Amino acid sequence: MQNDSCCTKNHTDGDGHDHAHGNGSIFKMFAPALISFVLLLLGIAMDNWFPQTWFKDWLRIIWYVVAYVPVGVPVLKDAVESIRKGDVFSEFFLMGIATVGAFAIGEYPEGVAVMLFYSVGEVFQGMAVRRAKSNIKSLLDQRPDEVVVLVNNEPQAIKAEAVKIGQIIQLKPGEKLGLDGELLSETASFNTSALTGESKPDTKNKGEIVLAGMINLNTVAQVKVTTAYTDSKLSKILELVQNATSQKAPTELFIRKFAKVYTPIVVFLAIGIALLPALFVTDYIFTDWLYRALVFLVISCPCALVISIPLGYFGGIGAASRNGILFKGSNFLDSLANIQNVVMDKTGTMTEGVFKVQEVVFDPNCNQNDILEMVNALESKSTHPVATAIHEYVGKPNHEILLENIEEIAGHGLKASIDEKDLLVGNFKLMDKFGLSYGLDPSSIVYTTIAVAYDNKFVGYITIADSIKEDAQETINLLHRLQVRTTMLSGDKGTVVKYVAEQLGIDHAFGDLLPEDKVNKVKEIKARGENVAFVGDGVNDAPVVALSDVGIAMGGLGSDATIETADVVIQDDKPSKIPMAIRIGKQTKNIVWQNIALAFGVKAIVLILGAGGLATMWEAVFADVGVALLAILNAVRIQRMQF
């Protein structure tokens with residue numbers, strides 16, 4: 001973040017100087033403020049409660065200057081540094097001229113007090129930001145520092161960073177996996193809460209991928225490392241969340257621009273308050289009006305806004321991460337809060353995406369086993385769930401079958417040549433495309449249907465069924481409670497899509513769609529001036545994801561490409577996380593606007609009182625530091641909320 005508005009640089013990104021919240025202990029962070037506080041209290045005591053004859057003139061001034069130095073010099077340095085970089089009207093500049101001005105008119109205790117409380121506020125603000133970031137880091141970065149690898153069949157503990165691809169990790173019950181890998185044991189159960197927010201055991205079988213951060217629950221397991229430590233899924237997720245603040249929400253961008261304009265305006269207004277009354281007030285006293293101007297400056301600092309708003313969004317991102325939802329930027333929190341339509345894919349989103357063959361209906365004049373072998377061989381070139389169902393039904397593909405000219409026809413299916421004869425496997429639109437007659441009404445078949453043609457003849461079809469996810473019904477109910485309209489778009493058969501939509505109570509459903517048809521349907525919704533979130537796999541539906549206001553990908557654990565493509569990633573495939581993400585977006589937006597109202601409300605009142613001479617520096621300190629701290633406390637509470 002650039003230093004184009006006060007407060008932002010030091011609190012949200014951690015770059016540049018960090019005068020109030022370094023990496024030392026809590027005592028070290030507060031030490032300058034403690035020194036100033038003790039000297040200020042002694043000074044006030046000698047001024048008012050225990051008068052000392054020697055405590056006057058230059059000795060008194062020197063005393064308060066010494067009290068000012070620990071908290072004031074770092075801020076004045078920051079002001080100079082900001083001016084060098086072109087940011088004249090920073091919060092450091094405002095506090096610098098306000099406190100130096102207070103010294104100039106002899107208000108030494110108040111000058112020290114303003115800078116003291118400002119510095120204490122800075123420390124608390126820095127601690128809040130750092131705690132928010134560390135909470136997210138500790139939430140996600142669950143990998144152990146050391147892992148046990150097998151070297152010549154002997155267990156040996158080594159640093160996780162030193163483990164090489166291909167080495168075998170031995171994982172005891174209760175231990176966390178340090179790197180991504182392939183399970184070598186026959187079966188093992190894992191707690192995946194670090195990745196998904198869900199502690200429900202996930203049973204993996206031999207050959208399946210297991211990820212860093214998963215906790216082994218039952219027997220000793222062996223895992224072959226497939227990914228370097230820094231390239232693990234958990235590393236990518238952690239990096240994604242930590243970088244999410246670079247994508248600013250519109251409210252946050254507005255506040256930054258507002259602060260850039262607002263701060264110089266109040267500086268010139270302060271100059272006006274100090275000088276202009278000389279033209280209109282008969283008993284004008286410069287020091288009185290200068291004091292009012294200095295109070296006005298202290299109050300005017302927009303720190304409460306510029307700090308608490310990014311922290312509010314960061315808190316929302318952290319709350320979502322804790323629940324297995326990854327936001328790529330705070331702008332998507334805002335977008336989801338305003339969403340009016342959720343458009344969803346069917347397979348793998350609202351259904352399990354685990355298909356099973358129900359029936360095989362082939363022409364009795366053809367050799368069913370031979371056709372199935374060819375279909376299985378062709379489907380082995382596809383990663384679609386339908387292909388998996390056929391593999392499970394037929395068995396391992398026969399690699400002796402020579403496939404040539406393999407072609408995937410988007411929205412239709414697969415085509416290949418075997419012995420110079422064309423094999424077509426897909427939907428009935430594929431049959432229509434090649435002008436093949438099939439003598440039946442596809443709409444009469446409820447299940448997903450795979451049509452097969454060989455040697456320019458329709459030979460029959462395979463029906464496949466998918467089951468609805470257990471929380472799909474709850475998802476639609478929650479979306480309707482949030483007054484969000486639901487639409488299902490799928491390339492699957494219209495009868496199947498309609499059946500699933502009716503079961504779940506989805507508002508609108510359309511099947512038999514090509515990718516461009518999905519785009520057109522989303523365009524129709526957007527043409528009504530409504531916001532759209534699209535939920536799918538984030539890869540195959542890339543055009544629709546790009547068109548929608550928010551692209552939500554299901555199953556982030558399975559695909560790096562999903563994380564790259566989508567705006568929001570739901571890590572555990574649960575559709576119920578869609579309404580949860582919307583609720584988090586709405587709550588984040590509420591907190592941000594509460595902080596805006598609090599900051600503007602209190603500052604407006606005290607600004608008016610200060611300009612009229614009714615507010616002192618003490619009220620000004622509350623209006624600045626006090627409101628900033630209240631706003632920050634409000635912002636961080638979202639991380640403790642249950643969604």
Side-chain angles (χ1 to χ4, degrees), residues 345-348 351 353-363 366 368 370-394 397-398 401-466 489-500 510-519 536-537 539-541 543-544:
D345 192 17
K346 179 182 75 69
T347 306
T351 63
V354 180
F355 290 86
K356 290 188 178 179
V357 171
Q358 303 297 310
E359 57 181 345
V360 177
V361 182
F362 280 177
D363 186 333
C366 71
Q368 178 172 310
D370 287 349
I371 297 293
L372 281 174
E373 287 283 357
M374 289 190 286
V375 169
N376 195 28
L378 179 55
E379 287 288 356
S380 69
K381 308 300 179 184
S382 170
T383 56
H384 195 279
V386 166
T388 306
I390 291 173
H391 297 332
E392 288 184 357
Y393 182 78
V394 180
N398 182 356
I401 297 174
L402 185 60
L403 298 167
E404 296 178 323
N405 305 319
I406 300 170
E407 180 183 355
E408 182 167 353
I409 303 169
H412 291 76
L414 297 168
K415 175 180 177 289
S417 296
I418 300 175
D419 297 331
E420 299 183 354
K421 296 175 183 177
D422 286 344
L423 174 67
L424 302 174
V425 180
N427 52 33
F428 281 94
K429 286 186 290 184
L430 184 64
M431 304 296 110
D432 295 335
K433 184 178 179 68
F434 285 89
L436 301 179
S437 60
Y438 35 83
L440 59 88
D441 179 10
S443 64
S444 65
I445 307 169
V446 176
Y447 296 134
T448 299
T449 310
I450 308 302
V452 181
Y454 181 60
D455 194 15
N456 296 319
K457 293 176 186 176
F458 173 72
V459 297
Y461 62 86
I462 304 167
T463 60
I464 293 174
D466 186 13
L489 303 179
S490 178
D492 206 347
K493 279 184 59 176
T495 52
V496 177
V497 176
K498 184 180 179 182
Y499 172 77
V500 172
F510 304 92
D512 299 307
L513 299 179
L514 298 173
E516 55 265 33
D517 297 326
K518 292 184 180 182
V519 169
D537 62 16
V539 182
N540 297 335
D541 294 307
V544 199

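For clarity, every value in this text was computed on a predicted model and none was experimentally measured.
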Report the residue from Val375, Leu378, Leu403 that forms a side chain to side chain contact (heavy atoms under 4.5 Å, CB included) with Leu414. Leu378
Walk me through whether Leu436 and Leu424 qualify under side chain to side chain contact (heavy atoms under 4.5 Å, CB included). CA-CA 10 Å; Leu436 301 179; Leu424 302 174; 3.7 Å; yes
Donor-acceptor check, side chain of Thr495 to backbone of Ile445, threshold 3.5 angstrom: yes or no? yes
On a heavy-atom basis, which atom in Val459 and which in Tyr454 lie closest, and how many Å separate them? CG1-N, 4.1 Å
Verdict with reasoning, Val360 to Tyr393, per side chain to side chain contact (heavy atoms under 4.5 Å, CB included): CA-CA 10 Å; Val360 177; Tyr393 182 78; 3.7 Å; yes
Any donor-acceptor pair under 3.5 Å from Asn376 side chain to Glu379 backbone: no
Would Asp517 and Phe510 satisfy side chain to side chain contact (heavy atoms under 4.5 Å, CB included), going step by step from the backbone distance to the final call? CA-CA 10 Å; Asp517 297 326; Phe510 304 92; over 6 Å; no
Check side-chain contact (heavy atoms from CB on, under 4.5 Å) between Ser380 and all other residues, then give those that pass, not counting sequence neighbours. His391, Pro397
Rounded distance (nearest 0.5 Å) linking atom CD1 of Ile371 with atom CZ of Phe362: 6.5 Å
Test side chain to side chain contact (heavy atoms under 4.5 Å, CB included) on Val452 and Met374; report intermediate values, then the result. CA-CA 10 Å; Val452 181; Met374 289 190 286; over 6 Å; no
Contact list for residues 408-421, test side chain to side chain donor-acceptor pair (under 3.5 Å), sequence neighbours left out: Ser417-Asp422
Which atom names give the shortest non-hydrogen contact between Tyr447 and Val496, and what distance separates them? C-CG2, 3.3 Å
Asp512 (side chain) donor-acceptor with Gly494 (main chain) under 3.5 angstrom: yes
